[in-house]
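Written below as structure tokens is the structure these notes are about.
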Amino acid sequence: MPGRPDYIAAWLGITKVGGVAALINTKLVGLSLSHCINVAAADHVILGHDLAAVFEEAAPHLKRVPKIWLARQRGRSGYRGPFWIDGMAGPLTPSERRGVTINDRALLIYTSGTTGLPKAASVSHRRILNWGGWLPD
């Protein structure tokens, strides 16, 4: 999904229920994109509707097929409001969530891949909280 407020909402929701969000550059294509998805061992991919064709090119190189959640803009074209995800039935039940601790992995962030394939760095919830201290009041 391209960088927009909905992206942050999806990322926070994923980590809240114990998932790990892989922050993948939307400029990646083909083998570089499939490599990042493979490294994340993704069971699910939230795919921005506008990036579906790029994903389709990378899909044959995936080690396993993740469940695809297609994020679409609501309303008429050009409207930049809230999004919805096709196939989403509603909130998760308590049994579908796992307990999250401050030491659990929250994110995978990737290098640019300028010297080869992108490399993943694991980021814990603790590190994200520490980063919050860098922001001015």
Side-chain angles (χ1 to χ4, degrees):
M1 182 184 303
R4 57 185 186 223
D6 301 335
Y7 182 87
I8 301 295
W11 162 27
L12 293 174
I14 291 166
T15 57
K16 179 180 178 177
V17 299
V20 176
L23 308 183
I24 298 175
N25 185 337
T26 58
K27 302 294 184 203
L28 294 178
V29 297
L31 289 174
S32 294
L33 176 58
S34 63
H35 168 76
C36 290
I37 296 168
N38 286 333
V39 165
D43 292 324
H44 302 268
V45 171
I46 298 176
L47 181 60
H49 186 261
D50 43 349
L51 295 170
V54 172
F55 177 80
E56 290 300 321
E57 290 178 23
H61 306 289
L62 296 177
K63 292 180 181 172
R64 61 185 187 183
V65 180
K67 177 162 178 58
I68 304 301
W69 300 89
L70 191 59
R72 299 176 184 260
Q73 291 291 124
R74 286 189 192 257
R76 57 190 185 280
S77 69
Y79 173 67
R80 304 300 295 175
F83 75 102
W84 79 92
I85 298 176
D86 288 348
M88 200 168 175
L92 295 178
T93 65
S95 66
E96 293 174 307
R97 299 175 183 220
R98 70 172 182 83
V100 178
T101 72
I102 196 163
N103 294 317
D104 287 337
R105 181 186 315 183
L107 303 173
L108 285 176
I109 57 175
Y110 293 85
T111 62
S112 64
T114 55
T115 59
L117 291 172
K119 283 129 190 102
S122 181
V123 179
S124 69
H125 290 278
R126 179 182 305 277
R127 181 170 285 172
I128 292 171
L129 286 172
N130 288 340
W131 289 346
W134 299 349
L135 302 174
D137 291 336

Cluster question for you: counting only ILVMFWY and a side-chain heavy-atom cut-off of under 4.5 Å, with indirect links fine, are [X] and [Y] together?
{"X": "Leu12", "Y": "Ile46", "result": "yes"}
{"X": "Tyr7", "Y": "Trp131", "result": "yes"}
{"X": "Leu23", "Y": "Ile128", "result": "yes"}
{"X": "Ile24", "Y": "Leu51", "result": "yes"}
{"X": "Ile37", "Y": "Val65", "result": "no"}

Do the non-hydrogen side-chain atoms of [X] and [Y] ever get within less than 4.5 Å of each other?
{"X": "Leu117", "Y": "Val39", "value": "no"}
{"X": "Phe55", "Y": "Leu62", "value": "yes"}
{"X": "Ile8", "Y": "Trp11", "value": "yes"}

Taking all non-hydrogen atoms of both residues, which atom of [X] and which atom of [Y] are closest, and how far apart?
{"X": "Tyr110", "Y": "Ala40", "answer": "OH-CB, 3.6 Å"}
{"X": "Thr15", "Y": "Ala106", "answer": "CG2-O, 3.2 Å"}
{"X": "Val100", "Y": "Lys16", "answer": "CG2-O, 3.8 Å"}
{"X": "Ala21", "Y": "Ile14", "answer": "N-CG2, 4.0 Å"}
{"X": "His125", "Y": "Arg105", "answer": "NE2-O, 4.0 Å"}

Any donor-acceptor pair under 3.5 Å linking the side chain of Thr111 with the backbone of Lys119?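 Judged by distance alone, yes, a pair lies under 3.5 Å.
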Given 3.5 Å as the limit, does a donor-acceptor pair link the side chain of Asn38 with the main chain of His61, or not?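 It does hold such a pair.
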The single option from Ser112, Ser34, Pro118 passing side-chain contact (heavy atoms from CB on, under 4.5 Å) against Leu28: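 Exactly one pass, corresponding to Pro118.
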Quick one: side-chain hydrogen bond (donor to acceptor under 3.5 Å, both in side chains) partners of Asp104, sequence neighbours excluded?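 Result, side-chain hydrogen bond (donor to acceptor under 3.5 Å, both in side chains) vs Asp104: Arg98, Thr101.
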What's the separation between atom CE in Met1 and atom CG in Asp50, rounded to the nearest 0.5 Å?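 The distance works out to 9.0 Å.
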From CG (Leu33) to OG1 (Thr26), nearest 0.5 Å: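 Going from CG on Leu33 over to OG1 on Thr26, the span is 10.0 Å.
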